[in-house]
Amino acid sequence: QVQLVESGGGLVQAGGSLRLSCAVSGPTFSSYAMGWFRQAPGKEREFVAALSRSGIVTNYADSVKGRFTISRDNAKNTVALQMSSLKSDDTAVYHCAAGVVAGTPRGLSEFKHWGQGTQVTVSS
């Protein structure tokens with residue numbers, strides 16, 4: 001059974017940086033496309049970034065492009081989200097997700113496994 005555990009969330013001032021990490025259990029990590037999503041209070045869960053199985057192809061939401069970077073380490077079964085120039089609008093619970101699909105999926109339904117999430121709060 002695949003399990004995803006996020007870490008690295010916290011409170012940061014606007015303009016600051018934060019690095020989220022997601023540890024994935026199971027022997028087939030390299031077969032998953034990985035993604036990060038976020039959900040703010042009262043809002044639907046939205047796509048943030050995705051990374052192909054190889055780690056070569058990335059896909060970002062327009063709202064985070066140029067500020068966030070997704071990466072993976074297939075040897076350590078981890079995926080990271082480096083966030084910089086944070087804004088108050090980035091405040092949300094961030095979830096990592098794994099999907100057995102090609103490319104860099106953006107839809108919630110394309111990801112089969114989800115973590116519980118980590119809270120990111122950006123103070124203005």
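Note that the structure is a prediction, hence the values are computed from the model and not measured. Just so you know, residue 1 is the first one in the sequence shown, and it goes up from there.
The hydrophobic cluster around F37 extends to F47, L108, F111, W114, counting ILVMFWY residues whose side-chain heavy atoms fall within less than 4.5 Å of a member.
Across L11 and S123, no two heavy atoms sit closer than the pair CD1-CB, 4.3 Å. Between T28 and S31, the shortest heavy-atom contact is O-OG, 2.6 Å. Residue A14 comes nearest to S124 through the heavy atom pair CB-CA, 4.2 Å, listed as atom of the first residue, atom of the second, then distance. Nearest heavy-atom pair across R53 and N74 is O-ND2, 3.5 Å. Pairing each heavy atom of V79 with each of S71, the nearest pair is CG2-O, 3.1 Å. S17 approaches V12 most closely through the heavy-atom pair O-CG2, 3.8 Å.
Hydrophobic clustering of Ile, Leu, Val, Met, Phe, Trp and Tyr side chains at less than 4.5 Å, counting indirect connections, keeps M34 apart from V101. A chain of hydrophobic side-chain contacts below 4.5 Å, direct or via other Ile, Leu, Val, Met, Phe, Trp or Tyr residues, connects L4 to V100.
Within the 4.5 Å cutoff, no side-chain heavy atoms of F29 are placed close to those of K76.
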Can you check side chain to side chain contact (heavy atoms under 4.5 Å, CB included) on H113 and Y32, steps first, answer last? CA-CA 10 Å; H113 306 286; Y32 291 105; 3.6 Å; yes
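To the nearest 0.5 angstrom, S63 atom OG is 7.0 Å from D90 atom CG. To the nearest 0.5 Å, atom OG1 of residue T78 and atom CG of residue D73 are 4.5 Å apart. Taken to the nearest 0.5 Å, the CE atom of M83 stands 4.5 Å off from the CG atom of L18. Between the SG atom of C96 and the CD1 atom of I70 there is a distance of 9.0 Å, given to the nearest 0.5 Å. In this structure, the separation between CD on E6 and OG on S21 is 9.5 Å, given to the nearest 0.5 Å. Note that CZ of R45 and CZ of R38 are 13.0 Å apart. Values are rounded to the nearest 0.5 Å.
Using a distance-only test at 3.5 Å, with no hydrogens or angles considered, no donor-acceptor pair links the side chain of R67 to the main chain of Q82.
Atom CD of Q119 is surrounded by more than 12 heavy atoms from other residues, nucleotides or ligands within 6.0 Å.
Here T104 pairs with A50, S52, V57, N59 under the side chain to side chain contact (heavy atoms under 4.5 Å, CB included) rule; sequence neighbours left out.
The ring pair (Phe, Tyr, Trp, His ring centres under 6.0 Å) contacts involving residues 53-109 comprise nothing, where partners must be two or more places apart or lie in separate chains.
Checked against L81 for a side chain to side chain contact (heavy atoms under 4.5 Å, CB included), the options T118, V64, L20 give a single hit: L20.
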